[in-house]
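Keep in mind the model is a prediction, meaning the values are calculated, not measured.
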Amino acid sequence: MIKKLIIPMLVLSCLAVLAFYFINKEETKERPDRQDFTIKDTAAVDRIFLADRMGNRITLTRQPDNRWMMNDQFLANQSYIDILLTTIRKMEVKNPVPLSYREVAIKELATTGTKVEIYKDDELFKTFYVGGNTQDELGTYMQIGGAKDPYVVHIPGFNGYLNTRFDANLRDWKTKEIVPLSPGNIASVSIEYPQQPEFSFILHATKEGEYHLANPSAGTEMSQTLPPPVARTYLGGLKNLQFEGYVPGVRNERADSLWNSVPIARIAVTSHNNQTRRMRVFPSATARDNPIYQDRMYLMFEESPREVTQVQQGTFSRLLKTYPELAGQK
């Protein structure tokens, strides 16, 4: 009887050993994606999606000229793009999350983390989640999508944390460039001064390098040819012209009221491919309350008329010329 049981028992033992081996192998087998946060070939990245638990969603898309659009609507801040690409190219695992903090880190990543999707050739290449920073602020908790374990990620040699670089706040990613065009790609600049129409002008630039200046209030068009050096100096001054930031605490109703009031100037800048950016300039209410802001003005864009930005008069004067100034009459 005992002899009859030996063989089945041996078979069962072998099966148990094999089952343990394969189960254990499944738990411990190497999964390179778990720690592979680095993306070396960032030149091939053509889309990045960021989504936080506050409902913010941003899709950054590379354009043929290597500039990036945000949500197919706004030009993205190129310096932020450069920092983000540098980050995903250089960041590495610093160390595993200590076991004592592992469950907390996983919970925080699930409840407050930012989801990051990286695309190459319009195909999803990698997904990972970005959480909070370590107590010493020299690392950031991250976890590859579908992976089991989170890790502390950093950039070797950089003393700081990384999670602010994956901010999904829409405003932070918008470019602050007022005229996001190269001077050679500007087909026209139109500035209307409602309260001083004699100062209004339209500057037309042809692709052949000819420039024409008109004063709409004079009832004539193409009233004069503008010397190329004068036109190029003006258009060149618009490059890298930026607003300071957004005016905080402006409610939608107040923004609507401001947008529909009489501005200091209405401005339209059109590219040679017929893309037009329209904006309006207003006196700064902040300047009345705080002497520090006396040289500031409000600037609002037609594409987002409920957002009020602030510019310095001295800087903005590069754009806000008058017809007499450009025509050499002043």
Side-chain angles (χ1 to χ4, degrees), residues 22-42 44-62 68 70-73 76-77 80-81 83-156 158-174:
F22 283 113
I23 291 171
N24 192 55
K25 182 181 179 183
E26 183 67 23
E27 288 291 324
T28 59
K29 70 180 181 181
E30 291 187 1
R31 292 177 54 179
D33 63 328
R34 286 181 168 179
Q35 302 183 40
D36 186 16
F37 292 92
T38 310
I39 299 175
K40 292 294 184 185
D41 186 17
T42 54
V45 173
D46 53 21
R47 186 150 51 103
I48 300 171
F49 174 73
L50 305 170
D52 65 19
R53 305 297 179 181
M54 303 295 289
N56 295 310
R57 302 282 189 276
I58 292 177
T59 299
L60 302 162
T61 309
R62 189 192 294 268
W68 289 69
M70 181 175 58
N71 293 350
D72 294 325
Q73 187 177 9
N77 188 320
Y80 282 25
I81 291 288
I83 291 173
L84 179 60
L85 292 175
T86 299
T87 301
I88 62 178
R89 186 174 69 250
K90 293 185 174 180
M91 65 184 189
E92 297 177 359
V93 169
K94 183 178 183 182
N95 56 264
V97 176
L99 284 177
S100 60
Y101 194 74
R102 180 178 176 278
E103 294 304 319
V104 176
I106 291 175
K107 184 178 180 181
E108 286 186 350
L109 280 161
T111 54
T112 63
T114 297
K115 182 180 183 181
V116 182
E117 293 179 348
I118 307 293
Y119 291 78
K120 288 183 176 181
D121 299 324
D122 213 26
E123 296 285 340
L124 181 61
F125 176 72
K126 190 183 296 288
T127 301
F128 58 90
Y129 297 83
V130 179
N133 303 311
T134 55
Q135 192 169 9
D136 62 4
E137 298 191 337
L138 295 177
T140 299
Y141 298 109
M142 297 190 193
Q143 187 174 18
I144 296 287
K148 181 181 176 182
D149 297 315
Y151 289 88
V152 176
V153 178
H154 75 146
I155 292 178
F158 170 68
N159 292 323
Y161 48 81
L162 306 179
N163 70 344
T164 55
R165 302 183 181 199
F166 297 91
D167 183 9
N169 189 296
L170 194 68
R171 278 187 173 181
D172 293 342
W173 283 97
K174 281 185 180 178

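The stretch residues 84-110 participates, sequence neighbours left out, in these salt bridge (Lys or Arg N to Asp or Glu O under 4.0 Å) pairs: Arg102-Asp149.
Between Ile106 and Tyr129 the shortest side-chain heavy-atom distance does not fall below 4.5 Å. Inter-residue side-chain proximity for Asp72 and Thr59 is flagged as unmet; no heavy-atom pair is nearer than 4.5 Å. At least one side-chain heavy atom of Leu60 sits less than 4.5 Å from a side-chain heavy atom of Leu84. With contacts defined as side-chain heavy-atom distances shorter than 4.5 Å, the pair Ile144/Asp36 does not qualify. When side chains are defined from C-beta on, Val152 counts as touching Tyr141, because their heavy atoms get closer than 4.5 Å. Residues Val93 and Phe37 meet the side-chain proximity criterion, which asks for heavy atoms closer than 4.5 Å.
Met91 and Leu162 get closest at one heavy-atom pair: CB-CD1, 4.0 Å. Of all non-hydrogen atoms in Arg165 and Ile155, the two that sit nearest each other are NH1-CD1, 3.7 Å. Taking each heavy atom of Ala168 and Asp52 in turn, the nearest pair found is CB-OD2, 3.8 Å. Looking at every heavy atom in both residues, Gly131 comes nearest to Asn163 through O-CB, 3.3 Å. The shortest heavy-atom contact between Thr140 and Tyr161 is OG1-CB, 3.7 Å. Residue Pro150 comes nearest to Leu109 through the heavy atom pair CB-CD1, 3.7 Å, listed as atom of the first residue, atom of the second, then distance.
Scored by the salt bridge (Lys or Arg N to Asp or Glu O under 4.0 Å) test, Arg47 finds Asp122 as partners (sequence neighbours excluded). Residues forming a ring-ring contact (aromatic ring centres under 6.0 Å, His included) with Tyr151 (at least two apart in sequence, or on another chain): none.
Taking CG of Leu50 as the start and CG of Leu170 as the end, the distance is 11.0 Å to the nearest 0.5 Å. Once rounded to the nearest 0.5 Å, the distance linking CD1 of Ile39 with CG of Leu85 reads 9.5 Å. Atom OH of residue Tyr80 and atom OG1 of residue Thr164 lie 9.5 Å apart, to the nearest 0.5 angstrom. In this structure, the separation between CZ on Phe125 and CG on Asp41 is 8.0 Å, given to the nearest 0.5 Å. Between the NZ atom in Lys115 and the CZ atom in Phe49 there is a gap of 6.5 Å [rounded to 0.5 Å]. Separation of atoms CG (Asn56) and CH2 (Trp173) is listed at 13.0 Å; rounding is to 0.5 Å.
Counting heavy atoms of neighbouring residues, nucleotides and ligands inside a 6.0 Å radius, atom OH of Tyr119 exceeds 12 of them.
Asn169 contributes a side-chain N or O that, together with a main-chain N or O of Arg171, makes up a donor-acceptor pair within less than 3.5 Å. The backbone N or O of Asp121 sits less than 3.5 Å from a side-chain atom of Asp46, completing a donor-acceptor pair.
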